[in-house]
Amino acid sequence: MIKVAFYDAKPYDKPSFEHYGEAHGMQFRFLETKLNEDTVALSNGCDAVCVFVNDTVNAAVIERLYALGVKLIALRSAGYNNVDVRAAFGKIHVVHVPAYSPYAVAEHAMALLLTSVRRIHKAYNRTRDFNFSLNGLTGFDFHGKTVGVIGTGKIGRIFIDICRGFGMKVIAYDPYPAEGAGIEYVSLDDLFARSDVISLHCPLNDSTFHTVNADAIAKMKKGVVIVNTSRGALIDAEALLDGIKSRKIGAACLDVYEEEADIFFEDRSGHILDDDLLSRLISMPNVIVTSHQAFLTEEALGNIAETTVNNIRSYFDNDGACDNELCYRCGNIERCKNNRKEKCF
Ligand code: NAI
C-alpha cells in the first residue's frame, strides 16, 4: 500500500482521489493544512506527498521531506513554480499533471472576459433587486477587436480558438512559437501597443515575473482589458491598481493574485481582509476576481486525480521512471532528455 500525504485537501478533491486511489492500492492521508516548514512533519511515514499550487515546497521543506524518507512530490497541478525543482534534484523526484483540462481554464478566461465586458455581474445583481435599468451596462463588441495572447501553449491556443469564434483578431507572444498554428506572433511591445484585450497564458518563472508592470501598462491602449488565469505574479498588482485608478486599464479579470497563497480557496467572509491591495482591487467596479477557480470542472478534477494516481503508481512500479517527471538536470524541466526511459538520479 502506497501512503500519500495529501496537503491542502478540499471536499471537492476527495471523491475523485479516493475513487482512483482505492483502485490503485493507494492510501491518502487527507490534510486540510498546506505544506510548509511547520506542517511537513505530518507526512511522516508516507511514501509520497501530493501538493497543490499554494503549498510551499522550498529547499527547507524538501530537506525535511528527504529526511523523513518521502520519495516523491506529486503535484496535482500543471504549474510548479511553488516547488524548488533544483533543490529537489538528487533527493526527491517531482511529478506533475501537464494537462487535465486546458478547456476548463481557457473557457473560464472567456467567461471572465464576457462577464466583465458585458457587465453580467452587475446586471445579475440588479435584476435580483428588480432594478431593470440599463444605465452603466454598455459593453463593446468582441467582433473585430484585437486580443493579445501571451503564451500559446495548450491553454493559450484553446483560448485563441475561442476568440476566433467571436471574430476577434489574434496576435500572440511566445518565445517558442507554435509551428503551423496560423498564429501571428509579434514582440511583447507590439502586443501591448495593439491589443484591446490581453490574456496571460504563460508559466510563472524568472523571465515572466511581472510581465505586466508599470512600463508595460504605459505601452498599452487606453481602455485595455487584462485577463489573468495563469499565475498572480505575472502581474505587478500595485501597477495594475495604478493603471485602473488612472483609467488607463478599462477592466481586469483575475483568477489569480500575486499574494493569493494565504487567502484564496478559503471562506474569509466575516473576517477583516488584511491585504489592502486585494481589497482595493475587489472594490473597483471594473475588476472581477475569482479565487483560482479556472481549473474547477468535473472533467478536470477527474483527470487530475487519474493522472496523479497514475504518476505515483508509475513511479513506484517502474523504479522511479515516470513520464510526467519534472527534472532539473535536463535543462528543459518538462522535457527530460532521457525520454523517461530511465530515471535521472
Ligand atoms: P503550456 O506549457 O502548454 O504553455 C505555456 C506556454 O507559455 C508555452 O507555449 C511556453 O513556450 C510559453 N512561454 C514560456 N515562457 C514564456 C514567456 N517568457 N513569455 C510568453 N510565453 C512563454 O502550459 P498551459 O497548460 O497552457 O498552462 C499555462 C499556465 O496556466 C500554467 O503555467 C499555469 O500557470 C496556468 N494554469 C492556471 C490554472 C488555473 O486554475 N487558474 C490551471 C492550470 C494552469
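Quantities reported herein were computed from a predicted structural model and do not represent experimental measurements. Counting starts at 1 for both ligands and their atoms, following the listed order.
Salt-bridge check for Lys91 with Glu63: passed, with a basic side-chain N closer than 4.0 Å to an acidic carboxylate O. Under a 4.0 Å N-O distance rule, the pair Lys34/Glu266 qualifies as a salt bridge. Salt-bridge formation is detected for the pair Asp189/Lys219: a Lys NZ or Arg NE/NH1/NH2 atom is positioned less than 4.0 Å from an Asp or Glu carboxylate oxygen.
Remark: aromatic rings of His108 and Phe295 are distant, center separation not under 6.0 Å.
Pocket lining of ligand 1, defined as residues with a non-hydrogen atom under 4.0 Å away: Tyr100, Val105, Ile150, Gly151, Thr152, Gly153, Lys154, Ile155, Tyr173, Asp174, Pro175, Tyr176, His201, Cys202, Pro203, Ser207, Thr208, Thr229, Ser230, Arg231, Asp255, His292, Ala294, Phe295.
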Item checked: salt bridge (charged side-chain N to carboxylate O under 4.0 Å, His left out) between Arg194 and Glu184, worked out -> CA-CA 12 Å; Arg194 289 169 54 191; Glu184 180 188 346; 3.3 Å; yes
Checklist line | Stepwise side-chain contact (heavy atoms from CB on, under 4.5 Å) check, Phe6 with Arg76 | finding: CA-CA 10 Å; Phe6 191 107; Arg76 52 183 191 277; 3.3 Å; yes
